[in-house]
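All figures in this text were calculated on a predicted structure; none of them were measured in a lab. Counting starts at 1 for both ligands and their atoms, in listed order.
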Amino acid sequence: MKQFALRFPGSPPRTTRIHVGRRLFARIAADLAERPIAERYFVVSDSRVGALYAADLLQALARAGLRADRITFARGEAAKTPRTKQRIEDRLLALGAGRDCAILALGGGVTGDLAGFVAATWHRGVPFIQLPTTLLAMVDASIGGKTAINLERGKNLVGAIHQPHAVYADIATLDTLPDPIYRDGFAEIVKGGVIADAPLFRWLEANAKGLLARRGNLVTEAVVRSVRVKARIVRRDERESGRRAILNFGHTVAHALEIVSNYRMSHGCAVAIGMAVEARLAVAHAGLSEATATRIVATLQAFGLPTAIPRNVSLARLRAATHRDKKARAGRARYALPVALGRMSPGVRVTTTVDDRDVLAALRASRETG
Ligand SMILES: NC(=O)c1ccc[n+]([C@@H]2O[C@H](COP(=O)([O-])OP(=O)(O)OC[C@H]3O[C@@H](n4cnc5c(N)ncnc54)[C@H](O)[C@@H]3O)[C@@H](O)[C@H]2O)c1
């Protein structure tokens with residue numbers, strides 16, 4: 001097992017311990033028995049992950065003498081709502097939870113965001129632990145403390161920054177992940193290499209086959225290296241007032257694709273296509289070489305990810321949707337663009353405004369053909 005600490009400055013400084021390894025449930029229970037963070041624990045998970053793993057986790061916690069209960073909600077992005085949050089809180093009340101409890105968020109990014117937000121507001125904030133079970137949640141959603149729910153008008157509109165006490169990424173849970181959801185995670189992993197870690201990018205190019213075949217040591221290494229990239233970035237800018245915005249490479253177009261597809265396109269697929277489009281913009285606006293843009297696209301394809309905008313998506317609607325991105329200012333979309341492999345534009349003003357005509361040209365050039 002690999003273990004490291006993510007320290008946030010401030011007073012008092014806070015630390016999140018991150019653990020990456022296989023079969024970690026007994027370890028979590030032992031850690032909590034040795035250094036309890038609450039009197040009672042609530043394992044929150046969606047219906048699928050709950051059926052697969054909640055009983056094992058509860059058993060491990062019980063064996064360590066810890067009092068724990070389980071709360072389950074319907075799976076899928078559609079559940080990340082105020083209504084589900086309210087239901088979880090009603091269950092907490094019914095189970096007699098007070099302020100001396102902690103939440104264990106066992107699942108993908110939806111569970112982490114939702115259960116994390118419950119923890120952020122329950123009795124004005126109780127500790128929580130992230131137990132991510134998708135690749136995307138391991139390398140991205142569980143790191144950095146962003147929690148949120150969706151409103152009808154948009155994603156993640158209500159939330160809080162609430163750092164988890166610890167993160168346990170149990171690689172063994174990925175064994176039950178369906179292929180498309182597993183592949184999705186590589187969009188963010190490739191992104192990490194492009195924005196801040198050129199050696200990671202080259203390692204991904206060399207190991208795509210083994211990673212897709214889920215070779216254990218390779219998967220653990222990919223998670224550890226990606227978590228380190230994200231941890232390095234968020235540690236310096238917890239509230240995204242500057243540098244953290246480099247994490248948005250590919251995301252202006254990705255969020256627009258999610259909006260126009262009514263969230264039917266998965267986040268990983270949207271980010272992969274978004275990076276392909278924004279790599280084109282980076283060639284025109286940030287001095288990225290054509291050859292590097294081509295390598296980025298080829299690597300995403302090597303992971304089985306899409307890089308072209310589906311033919312049924314209206315480019316005009318897509319361009320309009322880029323203006324709804326949270327980075328947009330005065331009606332103009334902003335982009336976080338790489339200047340070279342592993343390097344984004346320097347300084348704190350990370351994002352660039354791109355003329356709408358250039359955006360449309362890049363969208364056209366990235367359109368599915370045939
Ligand atoms: N907080 C952040 O910084 C951040 C960053 C990126 C994404 N997100 C959020 O993450 C969410 C997407 O995360 P996701 O892709 O993990 O979605 P998800 O949580 O919905 O998981 C995807 C599907 O996989 C299933 N699943 C999860 N783990 C499994 C396992 N081990 N075996 C079998 N099935 C399993 C789930 O039941 C679900 O059906 C979005 O809501 C997004 O906004 C948050």
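- Nearest to atom 29 (C) of ligand 1 among the protein's heavy atoms is L177 CD1, 3.3 Å.
- Using a distance-only test at 3.5 Å, with no hydrogens or angles considered, a donor-acceptor pair links the side chain of D355 to the main chain of R357.
- Looking at R214, its side chain does come within 3.5 Å of a backbone N or O of L174 through a donor-acceptor pair.
- Contacts between L52 and ligand 1 below 4.0 angstrom, taking non-hydrogen atoms only, involve the side chain exclusively.
- Looking only at atom types and distance, the side chain of Q86 has a donor-acceptor partner in the side chain of D90 under 3.5 Å away.
- Ligand-side atoms of ligand 1 in range of G108: 16 (O), 19 (O), range being under 4.0 angstrom from any heavy atom.
- If you check each of D175, T111, T173 against atom 31 (N) of ligand 1, the one with the closest non-hydrogen atom is T173.
- Because its NZ or CZ atom is both nearer than 6.0 Å to the ring centre of F4 and within 45° of the ring axis, R228 counts as a cation-pi partner of that residue.
- Nearest protein heavy-atom neighbour of atom 40 (C) of ligand 1: E77 OE1, 3.2 Å.
- Closest protein heavy atom to atom 26 (N) of ligand 1: V49 CG2, 3.7 Å.
- Ranking protein heavy atoms by distance to atom 25 (C) of ligand 1, first place goes to R48 NH1, 3.5 Å.
- Less than 4.0 angstrom separates some heavy atom of D140 from each of these atoms of ligand 1: 5 (C), 6 (C).
- At a heavy-atom cutoff of 4.0 Å, ligand 1 is contacted by no atom of E188, backbone or side chain.
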Would E205 and R202 count as a salt bridge (Lys or Arg N to Asp or Glu O under 4.0 Å) if you check the C-alpha gap in whole Å, the side-chain angles of each, and the deciding distance to 0.1 Å? CA-CA 5 Å; E205 284 181 309; R202 288 192 283 273; over 6 Å; no

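- Nearest-heavy-atom check against atom 17 (O) of ligand 1 across G144, G112, A79, G109 picks out G109.
- When hydrogens are left out, the protein atom nearest atom 20 (O) of ligand 1 is V110 CG2, 3.3 Å; that is the closest non-hydrogen contact.
- To the nearest 0.5 Å, atoms OH (Y263) and NZ (K155) are separated by 6.5 Å.
- Of the heavy atoms in N156, only side-chain atoms (C-beta onward) come closer than 4.0 Å to ligand 1.
- Residue T134 has at least one heavy-atom neighbour below 4.0 Å for each of these atoms of ligand 1: 16 (O), 21 (O), 27 (C), 28 (N).
- Judged by distance alone, the side chain of R367 and the main-chain N or O of R311 form a donor-acceptor pair under 3.5 Å.
- The residue D184 has no part lying near ligand 1, judged by heavy-atom distances below 4.0 Å.
- Using a 4.0 Å cut-off to heavy atoms of K155, the atoms of ligand 1 that qualify are 40 (C), 42 (C), 43 (O).
- Between the side chain of T252 and the backbone N or O of T322, no donor-acceptor pair lies under 3.5 Å.
- Taking any N or O of R75, backbone or side chain, at least one lies under 3.5 Å from an N or O belonging to ligand 1.
- Of the options L247, T176, V271, the smallest heavy-atom separation from atom 32 (N) of ligand 1 is shown by T176.
- No option in D170, I129, L57 other than L57 meets the side chain to side chain contact (heavy atoms under 4.5 Å, CB included) test with L106.
- At distances below 3.5 Å, at least one donor-acceptor pair connects side-chain atoms of T299 with backbone N or O atoms of R295.
- The contact set between ligand 1 and K230, taken as ligand atoms under 4.0 Å from a residue heavy atom, comprises 3 (O).
- Of the heavy atoms in K146, both backbone and side-chain atoms come closer than 4.0 Å to ligand 1.
- Using modelled atom types, no side-chain atom of K80 and backbone atom of L114 make a donor-acceptor pair closer than 3.5 Å.
- Nearest protein heavy-atom contact of atom 15 (O) of ligand 1 is L136 CD2, 3.7 Å.
- Remark: among candidates G145, G107, A51, A141, the nearest residue to atom 8 (N) of ligand 1 is A141, based on non-hydrogen atoms.
- Judged by distance alone, with hydrogens and angles left aside, the side-chain atoms of D113 form no donor-acceptor pair with the main-chain N or O of T147 at under 3.5 Å.
- Of all atoms in ligand 1, listed by their number and element, those nearer than 4.0 Å to a heavy atom of D113 are 1 (N), 2 (C), 8 (N), 9 (C), 43 (O), 44 (C).
- Residue contact check: K80 has heavy atoms under 4.0 Å from atoms 40 (C), 41 (O), 42 (C), 43 (O) of ligand 1.
- Contacts between T133 and ligand 1 below 4.0 angstrom, taking non-hydrogen atoms only, involve backbone and side chain alike.
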Intermediate values then yes/no, salt bridge (Lys or Arg N to Asp or Glu O under 4.0 Å), R23 and D56: CA-CA 10 Å; R23 312 215 175 278; D56 286 352; over 6 Å; no

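- Of all the atoms in ligand 1, the ones that sit under 4.0 Å from a non-hydrogen atom of D46 are 36 (C), 37 (O), 38 (C).
- Side-chain polar atoms of E258 and H251 form no donor-acceptor pair below 3.5 angstrom.
- Classification of the H19-Y168 ring pair by plane angle, with boundaries at 30° and 60°, yields parallel.
- When heavy-atom distances to ligand 1 are checked against a 4.0 Å cut-off, I181 comes that close only through its side chain, counted from C-beta outward.
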